[in-house]
Engineer: 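I have a structure I would like to understand better, so I am pasting it below and will then ask my questions one at a time.
Convention: sequence-line order gives letters A, B, ...; per-chain numbering from 1. The analysis underlying the following values was restricted to heavy atoms, covering all of them including side chains, and did not include hydrogens, waters or symmetry mates.
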Amino acid sequence: MITNAIIILLLPLAAFTIQIFIGKRLPKQGAWLPTGAMFAAFLFAVPIFFQSLSAYDPNFKIQASWEWINFGPVVVSFGIHIDNLTSVMLIVVTLISALIHLYSIGYMHGDPRYSRYFAYLALFSFSMLGLVLVDNFLGIYVFWELVGLCSYLLIGFWFEKDSAANAGKKAFITNRIGDICMFVGILILFTTLGVFKFEDVFRGVADGKLAGGLLTATGLLLFGGAIGKSAQFPLHVWLPDAMEGPTPVSALIHAATMVAAGVYLVGRIFVFFTAEALLFIAYIGTITAFMAATIAIVQTDIKRVLAYSTISQLGYMMVGLGTGGYTAGLFHLTTHAFFKALLFLGSGSVIHAVHTQDMTEMGGLKKKMPITFWTFLIATLAISGVPPLSGFWSKDAILASTLEFGMLHPSHFIIPVIMFLSAGITAFYMFRLVYLTFFGEARDHHKYEHAHESPKVMTIPLTVLAVFSVGTIWWGWYEHLVAKPDLAAYATVAAAVEPAHEAGHEVAHSAHNLALILSILIAGLGILISTATYYWKKISAEAWGSRLRPVYNLLWNKYYFDEMYSATAIAGTLLLSRVSGWFDLRIIDGVVNGVARWTAKLSFAGGWHDLRIVDGLVNWVGRTIQFFGAQLRELQTGRVQSYILMALFVVVVISIIQLL
Amino acid sequence: MSSIGLTHYLALSAVLFSLGLLCVITKKNAVTVLMGIELILNAANINFIAFARFVDTDLDGQVFAVFVIVTAAAAAAVALAIVLNLYERLKSINLDEADSLAR
Amino acid sequence: MDYSTIIQHNIGSLSYFVPELILTGVILVLIIADLLLKSERSAWTSVIALAGLLAAFVAVLGQYQMGSRTIFSDMLVVDPFAFFFKILFLASSVFAIFLSIGSVELSGRPVGEYFTLIVALTLGMFLMASATNLLTIFISIEMVSVVSFILATYLKTRRRSSEAGLKYAIYGAFSSGLMLYGMSLIYGLTGTFNIYEISRILNSTSPEPLTLFIAVLLMLAGFGYKISAVPFHFWAPDVYEGAPTPITALLSVGPKAAGFAVLLRFFNVSLIESGTNGDSEAWFALSGLNWPQLLAMISAATMTLGNLIAIMQNNVKRLLAYSSIAHAGYALMGVVVLSELGVSATLFYLTVYYLMNLGAFLVVIINQDLLRSESINDYKGLAWRAPIPAVAMGVFLFSLTGLPPTGGFVGKFYLFASLVQRGESFHYFLAVIGIINSVISLYYYARILKAMFFESSEGQTTSKIAVSPYYVVLLSVLVIPTLVLGVYWRWLFDFLRNHSASIFNML
Amino acid sequence: MNLFDLFFYALAALTVVSALVLVFSRNVIYSAVGLLFAFFGVAGIYVLLAADFVAVVQILVYVGGILILLVFGVMLTQRITNIEMRTGTLQLLPALVVVAGVLAVLLRMVYKTPWASYAPAEFNPTSAKLGTHFMTDYLIPFEIVSVLLLAALIGAAFIARKERG
Amino acid sequence: MENHVLTLITFLPIAGILFILPVPKENKNVIRIIAAVFTGLQLLLAVWLFLNFDRGTTAIQFREQYQWIPSFNIEYFMGIDGLSVPMVLLTALLSFLCIFASWGIDKGVKGYFAMFLLLDTGMMGVFCALDFFLFYIFWEVMLLPMYFLIGIWGSPSRKDEDGMVRGGPYAAIKFFLYTLFGSVLMLLAMLVFYFNVTDPVTGGHTFNMLHMMDQNNHGGLLNVFNIRLLIYVALFIGFAIKVPVFPFHTWLPDAHVEAPTAISVILAGVLLKMGTYGMLRISFPMLPDAMKYEYFAYGMAILGLINIVYGALCAMAQKDLKKLVAYSSISHMGIVLLGMSGLTSLGMNGAVMQMFNHGTGTAMLFLLVGVIYDRAHHRQIDGFGGLAVRMPIYAAVVSVAFFAGLGLPGLSSFISEAFSFLGAFGSTLFNLKAITIVSTLGIVLTAGYFLWTFQRMFLGQLNPKYAELPEINGRELFTLIPLAVIIIILGVYPAPLLNLIKVSLNNLVEVVAATGTGSLLGLQ
């Protein structure tokens with residue numbers, strides 16, 4: 001199985017290498033090569049998945065590790081770690097990636113950098129798979145950065161557009177901020193424990209070598225990486241802009257896989273987090289989920305709505321993990337991957353047809369694009385949490401977990417309240433999207449006329465994803481296989497840590513039942529209001545918008561995060577940089593100019609300005625030396641008697657000093 | 001016996017030396033400056049001869065003085081030649097005018 | 001007193017006096033030849049002078065393994081120390097003659113007297129290097145001075161030259177007056193002129209420190225004037241600028257080295273604590289007379305002042321004049337440490353200084369020929385018009401700065417090494433001043449390089465200028481040893497190291 | 001105060017006053033005359049110091065040689081007919097200060113130092129002794145000085161002679 | 001050959017000069033080819049060294065030791081250990097590539113290549129010399145050709161708007177003065193060492209660095225701690241100017257910007273490394289206690305921090321591409337300092353790897369700047385735009401270099417930077433945690449200015465002025481590809497480099513941490 005894993009990893013890498021160098025010269029620009037490689041990778045992933053299924057063991061794992069860097073006293077290994085979570089992720093990543101490759105063949109047709117696109121996509125697939133497979137912190141950081149790179153390259157793929165170029169840069173730099181936190185976290189844990197490998201680290205933590213506040217801090221620093229990558233508050237600003245990339249890219253990277261890496265990371269190192277850290281994660285998730293959902297209500301760009309929806313859903317996953325719903329969070333990751341990819345591809349299909357992303361210019365596309373519509377609808381239902389689609393199960397699990405958390409810790413009851421509210425909002429804006437796009441009258445007839453159903457190469461992936469969106473409902477075995485890990489299990493020293501506290505069984509049970517009912521009700525309510533507003537037109541969106549103008553503006557402007565950041569952090573850095581540059585040129589370099597000019601003014605030696613300009617030997621020391629030179633030079637009057645006088649003067653002074 | 005001792009001569013020599021210096025430093029006329037130099041040499045010579053009488057038992061100091069006088073003559077001759085030459089160029093032997101080489 | 005033994009001794013001394021006798025003979029032959037040869041431009045005088053110097057050179061070589069002995073009733077000494085300087089003086093004079101032959105400044109001037117005087121100067125320097133009596137020191141210095149005055153004024157039709165000569169003469173007379181006065185005081189304290197006797201008496205009696213100090217200070221005026229040390233340096237820039245360039249080159253090398261010879265011999269023989277010299281590697285100054293610190297101050301002042309003023313110069317010749325003042329300051333660093341290493345470092349430095357300084361002046365002479373100018377501004381773009389002198393100048397200037405792989409670096413290295421070896425705090429202080437000055441000096445040497453290499457000649461022609469093969473040969477004679485001494489200097493240094501203490505041999 | 005002392009003070013006064021005239025006279029000829037008397041005064045001092053030969057040399061060489069030379073210099077460089085032979089002074093004040101410093105230091109030194117003084121010997125004619133010195137242990141300086149004089153002669157002649165062109 | 005390989009590798013360029021000098025200056029290509037052949041041979045020798053270097057020992061290898069000036073105990077002593085080998089390789093590689101980058105030099109071709117080869121010898125010598133005197137000679141010898149190379153073949157003098165005269169000559173003398181000042185300080189320190197270290201065999205003084213490293217040989221002044229501190233400071237300033245460490249860095253932007261491309265490459269790629277090499281070769285082992293003196297260790301780390309952050313901020317403010325790259329060098333060399341200061345195996349290995357990786361990376365950057373400058377004749381970042389459309393290959397290579405510069409995993413500098421940080425952070429001798437954490441800010445800033453620059457130059461609409469700009473050519477690619485390949489290989493698998501250095505460096509760390517009482521470089 002290790003061989004399979006290696007092959008899975010190498011296939012896209014090989015595809016990338018070939019594609020980047022000779023892709024353009026291959027028949028059909030080589031698009032089939034990475035696509036084929038990804039399908040092959042999927043086929044290699046399937047046996048791994050089935051092995052883990054057939055083992056049906058929460059502790060199932062396959063590992064292999066090779067020495068990578070040997071410093072002598074410190075050896076850093078690189079290895080593969082496959083457990084149930086990994087095997088699920090492998091399936092998700094390879095499948096969605098393969099489908100999106102396929103879809104892209106149609107979507108990107110005719111692009112001038114067609115072959116380059118596939119190369120990047122393959123590189124991304126490689127990096128993402130590496131991220132999933134790798135067994136240590138350093139490795140995850142490496143792939144973490146690489147997926148970031150691919151994201152940068154693909155967001156800015158149409159770099160002729162300034163907005164695209166900006167978005168790519170913004171994504172990378174914002175992510176880097178998170179990455180530094182993560183890097184510092186790694187610094188701390190490596191310095192404290194001396195190892196990178198997950199299991200070794202957990203063992204160290206379990207043995208109490210890293211504990212208390214430092215452990216919390218380290219956990220939060222690592223979570224900082226996840227905040228960046230998974231676009232959590234307050235580093236979420238890059239993701240909406242990332243929609244400048246081609247839509248399949250948004251689907252793959254900025255919806256299904258890469259952005260979920262943060263969630264995956266939190267899941268992967270779940271035992272590392274202390275209760276305080278988890279609480280922090282839960283709050284961050286809560287804020288993110290609510291904030292993004294509210295922004296999504298008012299957006300009119302179809303992809304931006306989906307982007308905010310993604311952020312919101314990632315918030316859900318974080319909350320799930322943070323409130324102890326480990327399985328719930330990760331299950332939502334899986335289901336979300338399918339239906340969100342589907343949503344994006346569907347929107348891509350629409351955009352492909354009408355050449356606009358603005359929903360106000362769409363409408364009534366249901367008839368023109370039936371496959372797209374029906375698959376899109378399935379995904380919308382899934383994300384809204386309508387049973388029995390996949391999204392229902394996962395979201396319900398999260399909500400249940402928050403509710404349970406709230407019941408156990410009443411002081412944090414705000415979390416479930418907001419999460420349920422957000423669930424309703426989710427349903428609302430998703431249906432708003434569907435109505436505006438597919439129902440009603442066509443608002444731009446010209447575009448409507450030209451609209452057509454997408455080619456097969458695009459609709460087949462839609463269909464496949466729709467199937468998965470419906471069908472990924474095996475909550476039961478997921479709960480068994482991807483079970484919440486227990487730190488104590490890693491302990492090599494007995495009872496170094498207290499066993500994780502178990503929630504009361506009754507609480508859990510009642511919370512789950514309550515959540516089930518509530519979530520269905522709220523989803524329904526959301527859909528109802530949405531329908532009333534955008535389908536039946538019983539409620540006027542405009543009226544409410546103007547009635548709540550300040551709120552509307554706040555949401556329309558995305559809580560002014562971008563403005564705030566550019567006014568503070570970005571402007572601050574640029575200012576600091578300009579100040580440094582100025583400082584360097586004017587002050588350090590020239591203790592030069594200012595002081596030299598000042599010195600020059602002092603100097604009354606003739607020709608000194610000329611010399612300064614002619615020779616231009618320039619630094620303050622030089623100037624000062626010249627100044628003294630000029631002064632001393634005045635002694636050389638040309639009169640022999642003054643020379644004698646001066647010499648004698650010195651002699652007398654020396655003698656008198658001696659005399660005294 | 002006389003009360004005039006070594007220090008008297010030395011003091012005289014010191015005064016002469018100082019006057020010679022003063023002359024060298026202050027006179028504009030190059031020839032006068034050369035005269036001042038002779039004064040300095042004379043002062044030194046007084047020293048030599050005084051020491052030869054009071055300190056040394058031999059006449060080394062006097063020998064030295066003779067050599068000083070002779071070399072002074074040589075130097076004065078050359079210096080004067082140079083002064084005359086400068087006069088050819090400058091039509092003046094004022095030292096303060098001979099300052100084209102400076103700084 | 002037994003006259004016959006003294007006369008016998010004097011006659012016996014003659015065999016150790018052959019080089020000087022040859023030089024005296026050459027002077028006479030030159031005077032006669034000048035009278036006989038009708039054509040004033042006859043090249044024969046220079047040939048005779050060269051041949052005479054060559055003969056003297058052979059005679060000096062004969063003294064190589066002669067050891068140390070005083071001659072003519074302790075008036076003079078023949079020892080390896082003097083041997084080294086004699087070779088250096090001969091080399092300087094020979095080179096000066098070669099420079100003069102090609103110089104445009106001197107073309108058309110009567111030459112008979114000129115070469116006579118150069119030979120006389122050489123004789124004077126010879127005597128300076130071997131003088132062991134205040135009288136011989138005085139007379140030899142006076143001889144060098146008087147001849148120098150005349151040579152500096154040699155372009156007598158040129159105002160600058162005659163002005164330079166006058167200043168030189170007056171300043172020189174003044175200095176020797178001071179020196180004489182100082183000598184008289186020494187005589188008063190010791191009752192003798194013999195430097196070895198002086199040493200003995202100063203050590204056995206305890207002379208009044210103030211008097212001794214003033215005596216030494218006044219004598220230093222004479223020596224300092226010869227080596228152009230601050231504050232007795234004032235004449236140097238004016239004279240160097242005004243004198244004919246070959247003479248400037250000679251003055252900046254020969255008499256300066258002779259001054260160092262006298263300085264080293266007198267100070268190290270007469271003014272040291274007896275019993276601390278000879279076998280040990282280092283010795284101490286006479287107690288009660290802290291002349292090393294005095295010289296250290298002078299050294300620091302000399303190099304700093306020379307370098308600082310040099311920065312402001314636009315006339316290359318004058319710039320080199322200041323630079324040669326600064327170099328006297330460097331060389332003095334070796335004098336203040338009172339050790340074998342220090343003395344040999346000074347001698348080594350004088351050797352490389354001879355090469356690089358003469359080289360720099362040679363380039364100035366060549367450029368006078370090529371460009372009719374001594375101004376830095378007119379040197380612009382020279383590297384592209386006449387690469388050979390420009391590149392050679394680069395080597396000389398880098399050597400003057402003290403950068404490897406040139407002899408200048410090794411020279412400075414030994415100077416610093418001697419300071420560090422002795423390791424008192426004022427030595428370090430001096431060393432730090434020395435290194436700062438090295439950096440400063442780069443600043444103005446580089447100005448010349450910049451003009452030659454980095455800038456293009458303004459407006460005028462950029463055509464190539466042919467450099468005569470004669471100059472190329474002269475340049476290579478200086479460039480090659482400058483570079484070789486930067487890479488392999490073992491024989492020279494070992495010679496100096498082994499013989500630097502020979503000044504004590506007769507003590 | 002005996003006769004010897006009187007002679008000394010008289011000669012010293014003559015010397016110093018003449019020197020003062022030399023220094024402070026504005027007329028070059030007066031200066032020359034001052035120098036003349038100073039030379040005589042110094043010669044007299046030499047006599048007091050039992051240096052008869054040196055005294056004679058002093059008068060012969062200085063008065064007979066150098067002074068005449070200098071006066072010639074004055075004559076050749078001043079157009080006596082139409083210009084008063086005046087010479088100005090330079091930097092008098094700083095010079096006075098510095099020279100006063102020199103004098104103070106020297107006098108301080110002279111009086112502070114315990115000179116190793118022998119009782120002066122009898123007055124003896126020195127010529128013979130000096131002559132022997134010149135021919136024996138001071139032979140070489142004697143010879144060197146002759147070469148020096150030769151060089152100075154050639155040089156002075158070269159420089160002083162008129163150049164054509 | 002076996003025994004003289006270091007002499008050969010050092011002096012081959014000089015031999016090249018001897019061949020070049022007689023060639024008539026019209027035959028420019030002959031001159032270029034001769035230079036290429038000799039540096040090529042040098043590179044082959046370097047590769048031979050790489051292959052034959054025994055990675056398992058701390059001992060000096062390929063040792064050559066002869067008397068030179070015996071009366072002053074100066075020896076011709078060459079030898080390399082793990083610290084020197086990567087530098088030798090880097091020097092040989094960059095020299096060879098730079099010959100090709102200099103192909104376009106048309107003025108004074110003969111002088112240029114002669115100077116270049118002389119420079120090459122100097123650099124190689126510094127990394128091979130084990131006699132302090134010899135080291136110093138090589139150290140200084142580099143200055144002369146560098147001065148001329150920047151002054152003559154750099155940009156001509158011009159007057160800036162602020163009235164300052166800048167340009168090649170200015171930068172050249174500035175560089176010269178700065179470095180000379182540093183090296184004369186080193187000269188003094190060297191002499192103090194000489195006179196206070198005894199050769200255990202002969203009992204005399206010695207310039208032998210190995211003897212100087214053995215604390216048992218120290219005596220006299222070297223037993224006085226305060227004096228050791230003073231010497232350390234003198235050495236540090238000397239080396240810091242080369243690195244360059246804030247605030248001694250101001251020569252660097254000028255020199256890099258005004259120099260011709262190949263020389264900028266050499267400056268940034270090799271010369272800067274000499275500063276840190278000197279610290280590791282001389283300051284650390286010879287004065288371990290001074291290095292570990294609290295104020296100095298923290299001071300060094302703080303200077304590293306300032307270099308990293310301040311350098312990055314300055315880089316961000318630059319409008320001139322070359323200046324930006326120059327400042328990025330300052331920032332990256334700060335990482336080396338930081339890595340060294342912790343005295344840990346990780347940090348030290350990371351720092352030396354960073355030296356090598358920065359050498360290759362920054363060389364690429366400067367070469368790339370040269371490529372665009374040759375075409376557009378200016379380097380104003382804002383003056384371009386959208387070049388990726390017109391020059392896709394160029395843009396791709398630039399992006400590799402930029403991403404290497406910002407420490408992207410998979411490219412070599414990631415590993416060295418990461419481990420430098422890790423090493424400093426994990427230092428057990430000093431608590432550098434806060435400093436390291438603040439330093440990581442540099443990572444973001446670096447990403448910021450590189451990406452911003454990339455965007456302004458390559459992304460967006462193509463500037464119509466450059467619609468006809470020719471794509472990067474084969475010769476230029478030839479100089480870049482080897483570097484890119486090395487960057488990628490070492491980024492994925494650093495062992496070839498690490499194995500070369502680690503034994504020596506771990507030993508260095510151990511010995512210095514134990515205050516130099518152990519055996520260094522297989523001495524004794």
Side-chain angles (χ1 to χ4, degrees), chain C residues 1 3 6-7 9-10 13 17 20 23-24 27-28 31 34 71-76 108-110 112-114 116-117 119-121 123-124 127 133 135-136 138-140 142-143 146-147 149-151 153-154 156-157 162 165 181 185 188-191 201 205 207-208 210-215, chain D residues 49 51 54 66 69-70 73 77 90 95 98-99 101-118 120-121 128-165:
Chain C
M1 201 185 296
Y3 303 137
I6 295 181
I7 290 164
H9 168 79
N10 281 350
S13 296
F17 202 57
E20 288 84 351
L23 290 177
T24 316
I27 293 172
L28 296 174
I31 293 171
D34 191 37
I71 53 175
F72 296 117
S73 314
D74 295 351
M75 285 289 159
L76 297 173
R109 309 288 311 159
E113 292 95 342
Y114 185 79
T116 314
L117 291 169
V119 177
L121 185 75
L123 177 61
L127 296 168
N133 187 297
L135 181 58
T136 36
F138 168 70
I139 294 179
S140 54
E142 202 68 357
M143 182 158 171
V146 167
V147 175
F149 304 157
I150 302 166
L151 285 172
T153 329
Y154 203 78
K156 56 181 190 172
T157 50
S162 46
Y181 203 88
L185 294 177
L189 290 172
T190 61
I201 294 169
T205 63
E208 167 63 30
L210 175 66
T211 317
L212 187 58
F213 181 83
I214 289 174
Chain D
L49 285 166
V54 184
I66 298 175
L69 208 59
L70 291 175
T77 56
L90 293 163
V98 169
V99 170
V102 172
L103 187 59
V105 169
L106 288 182
L107 289 178
R108 166 90 181 132
M109 175 197 78
V110 165
Y111 289 105
K112 192 184 176 195
T113 312
W115 301 103
S117 189
Y118 297 93
K129 240 178 159 184
L130 285 175
T132 323
H133 270 310
F134 286 138
M135 285 302 114
T136 55
D137 45 352
Y138 285 93
L139 178 67
I140 202 70
F142 194 80
E143 297 301 332
I144 298 169
V145 163
S146 61
V147 179
L148 167 61
L149 285 173
L150 180 63
L153 183 70
I154 297 170
F158 166 75
I159 288 173
R161 84 169 170 244
K162 285 245 195 260
E163 188 101 349
R164 17 174 216 290

Engineer: Looking at every non-hydrogen atom in both residues, tell me the closest pair between D/Leu148 and C/Met143 and how far apart they are.
Structural biologist: CD1-CA, 3.5 Å
Engineer: With a 4.5 Å heavy-atom cut-off, do C/Leu189 and D/Thr113 have their side chains touching?
Structural biologist: yes
Engineer: Please classify the contact between C/Leu212 and chain D as side chain, backbone, both or neither, with a heavy-atom cut-off of under 4.5 Å.
Structural biologist: neither
Engineer: Over all heavy atoms of both residues, which pair between C/Ile150 and D/Ala151 is shortest? Give the atoms and the distance, please.
Structural biologist: CD1-O, 3.9 Å
Engineer: Mind checking whether D/Glu143 and C/Thr24 have side chains closer than 4.5 Å, heavy atoms only?
Structural biologist: no
Engineer: At their closest point, which heavy atom of D/Met135 faces which heavy atom of C/Asn10, and how far apart are they?
Structural biologist: O-ND2, 4.3 Å
Engineer: At a 4.5 Å cut-off on heavy atoms, which part of C/Tyr181 comes close to chain D: side chain, backbone, both, or neither?
Structural biologist: side chain
Engineer: Contact between D/Trp115 and C/Thr211 at the side-chain level, heavy atoms closer than 4.5 Å - yes or no?
Structural biologist: yes
Engineer: Measure the spacing between CG of D/Leu106 and CG of C/Leu185 and express it to the nearest 0.5 Å.
Structural biologist: 7.5 Å
Engineer: Quick one: which of C/Ser73, C/Pro207, C/Gly165, C/Ser140 has the most heavy-atom pairs under 4.5 Å with chain D, could you say?
Structural biologist: C/Ser73
Engineer: Where does D/Leu150 contact chain C at under 4.5 Å (heavy atoms): side chain, backbone, both or neither?
Structural biologist: side chain
Engineer: Please determine whether the number of non-hydrogen atoms from other residues, nucleotides or ligands lying under 6.0 Å from atom CZ of D/Phe142 exceeds 12.
Structural biologist: no
Engineer: Considering only heavy atoms, which portion of C/Phe17 lies under 4.5 Å from any heavy atom of chain D: side chain, backbone, both, or neither?
Structural biologist: side chain
Engineer: Side chain, backbone, both or neither: which part of C/Ile31 has a heavy atom under 4.5 Å from chain D?
Structural biologist: side chain
Engineer: If I take atom CG from residue C/Asn133 and atom OH from residue D/Tyr138, how far apart are they, to the nearest 0.5 angstrom?
Structural biologist: 5.5 Å
Engineer: Is C/Leu76 close to chain D through its backbone or its side chain, or both, or neither, when contacts mean heavy atoms under 4.5 Å?
Structural biologist: side chain
Engineer: Could you have a look at D/Leu139, D/Ile159, D/Ile154 and say which one has the most heavy-atom pairs with chain C under 4.5 angstrom?
Structural biologist: D/Ile159
